[in-house]
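What follows is a set of notes on a single structure, which appears directly below.
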Amino acid sequence: MWYLLGVFILGGVGVWWFIRWIGALRHPHYLSPFTDAPPYQFPEGFWWGTATAAQQVESQQNTDWTAFEKRAMAEGKFEKYTPEANNIGHIHQLGDYPAEVIAKKTDYDARFGEDLDTAAAMKHNAYRFSICWARLFPTAEQTEASEEGLRYYAAIFDKLETLGIKPSVTLFHFTTPAWFWEEKQGKRGWERSDALDQFGRFVQVVAEHFGGRCAHWCTLNEPVGWLYTSYLVGVFPPHEQRKGGLLAVARLAVRLLEAHTLAYDILKADAAKRNKTISVGIAKHTRAFEPYRNGAPLDRLAARIAEQSFVWDFLDAIHTGTYKVMGTPFQKIPGLAGKMDYVGINYYGRFYLKSDVFSPQRFSLFMHDPHDPNERKSELDWALYPHGFYRILQASHQRYQRPIYVLENGIDCRSLDDTQRQHFLVTHLREVWNAIHHAKADIRGYFHWSLLDNFEWAEGFTSRFGLIHVDYLHDFQRTPRKSAEVYTQIIQDNAISPEHWETAAF
Ligand code: IFM
């Protein structure tokens with residue numbers, strides 16, 4: 001009898017453990033099921049702003065992406081990437097835009113003053129942008145940074161200072177100088193033996209010139225997303241499709257972790273000389289990962305494993321100092337442990353993972369559920385999922401116990417009366433509020449992606465992520481969308497009001 005009871009209890013525990021190990025079922029909520037009534041008031045001193053990145057808004061510099069854009073134009077490669085077509089090397093509908101637009105992107109070089117005035121009118125107190133390495137070091141030979149490049153960024157800092165907007169600066173946002181990709185002992189880019197020396201030289205110059213003007217730094221933007229897109233899928237330069245999944249890029253991940261360590265140390269040493277306190281971290285692209293077929297244990301397992309590798313492994317490595325691949329320690333990185341003063345979260349919705357029983361190491365990734373006609377999606381067909389944002393923020397807080405900044409969160413929504421973006425803003429900000437109030441997460445700021453429409457990488461100019469619409473074909477004319485008004489009101493109130501919750505939340 002006792003024996004049978006023991007078997008029963010052990011069996012039950014085993015099944016429970018197995019189900020947990022397999023991974024969760026899809027979460028039933030679209031919004032977190034808290035019942036607090038608005039207004040949802042944010043903490044005093046909360047950072048409110050938007051984010052941009054150099055290659056997406058500035059004129060073309062001598063980068064790997066500029067080379068790609070020119071190649072796609074010359075070869076007439078304008079298709080949308082799909083896994084079935086495996087058509088890498090294309091930039092969606094790039095041929096629809098005049099050469100001037102491709103060269104100037106949003107004409108931000110000439111208009112950043114006007115754009116930042118608009119950000120100030122929208123009550124932003126913070127602004128995230130990136131410094132283009134190739135704008136400071138356009139050629140391999142030069143020993144000194146370009147004076148013109150330094151003057152350009154100094155003018156942006158001047159403008160922000162005049163407007164009383166705090167800068168948050170990113171050092172690697174997907175692009176590097178074209179010369180960095182010339183082969184050196186058979187290696188290119190971040191794999192070159194001199195990669196860290198070269199990157200360090202750039203960061204040193206940035207610290208020397210702008211260290212006194214910025215207290216919030218992001219060393220790397222979405223390093224894992226970049227590795228995945230550049231080396232496994234191949235849509236981004238250098239367009240490789242390495243076989244072997246994450247293990248195939250683990251050395252590159254380690255190199256980026258080393259680059260982060262180096263940049264962190266340089267920025268901190270510079271700040272110490274200035275007797276200044278700064279915050280340094282990275283921006284992590286996050287999604288909620290869920291099974292494609294709820295009933296399929298392998299899909300659940302794939303979702304769990306993919307979330308760990310895609311969302312957490314890189315941050316865990318900075319937290320502990322050891323990079324793990326699929327739970328197995330891959331490499332300890334000297335000097336890395338703990339070098340993140342804040343956790344930077346970029347959140348863009350949910351991914352569905354579908355496994356293949358005959359080849360368990362392979363899986364397909366879906367940006368939305370094709371069987372759910374009611375699912376809310378962006379115009380890029382990315383599934384919206386505010387509750388997943390709460391879960392990511394809550395987990396970031398639990399795992400790392402550090403301040404959190406949302407460094408990106410946004411949606412492709414093209415019309416001027418962008419009801420979907422208004423809904424997105426209000427529901428996602430409510431999840432930030434939920435994470436502060438219910439999960440006790442120390443969230444210090446929110447940067448919406450993006451201030452204005454811009455060049456969305458291989459999606460070209462077609463996708464529109466801006467609070468401000470850019471008319472590329474009519475002298476880059478700017479027109480704020482309706483959501484810009486909603487965001488301004490929220491910032492002004494430092495709260496989501498009952499009216500906003502009612503009009504935009506459903
Ligand atoms: O435009 C990008 C940005 O450069 C990095 N994060 C995601 C955004 C939307 O895809």
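Every number for a ligand or one of its atoms is a count from 1 in the order of the listing.
At least one heavy atom of Trp382 sits closer than 4.0 Å to an atom of ligand 1.
Nearest protein heavy-atom contact of atom 8 (C) of ligand 1 is Tyr348 OH, 3.4 Å. When hydrogens are left out, the protein atom nearest atom 2 (C) of ligand 1 is Glu456 OE1, 3.6 Å; that is the closest non-hydrogen contact. In terms of protein heavy-atom proximity, atom 6 (N) of ligand 1 is nearest to Glu408 OE1, 2.5 Å.
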I would like to know whether Arg402 and His319 meet side-chain hydrogen bond (donor to acceptor under 3.5 Å, both in side chains); could you show each step before the answer?
-> CA-CA 10 Å; Arg402 282 179 168 79; His319 190 53; 2.9 Å; yes
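Aromatic ring centres of Trp48 and Phe42 lie closer together than 6.0 Å. Aromatic rings of Phe455 and Tyr108 (six-membered ring for Trp) have centroids beyond the 6.0 Å cut-off, not under it. Aromatic pair Tyr264/Trp217: centroids not less than 6.0 angstrom apart.
If you number the atoms of ligand 1 from 1 as listed, the ones under 4.0 Å from a heavy atom of His173 come out as 3 (C), 4 (O), 5 (C). Atoms of ligand 1 lying under 4.0 Å from any heavy atom of Asn221, numbered from 1 in the order shown and given with element: 5 (C).
In this structure, the side chains of Asp107 and Glu114 stay at 4.5 Å or more apart for every pair of heavy atoms.
At least one N/O-N/O distance between Glu222 and ligand 1 falls below 3.5 Å.
At least one donor-acceptor pair closer than 3.5 Å links the side chain of Arg481 to the backbone N or O of Gly466.
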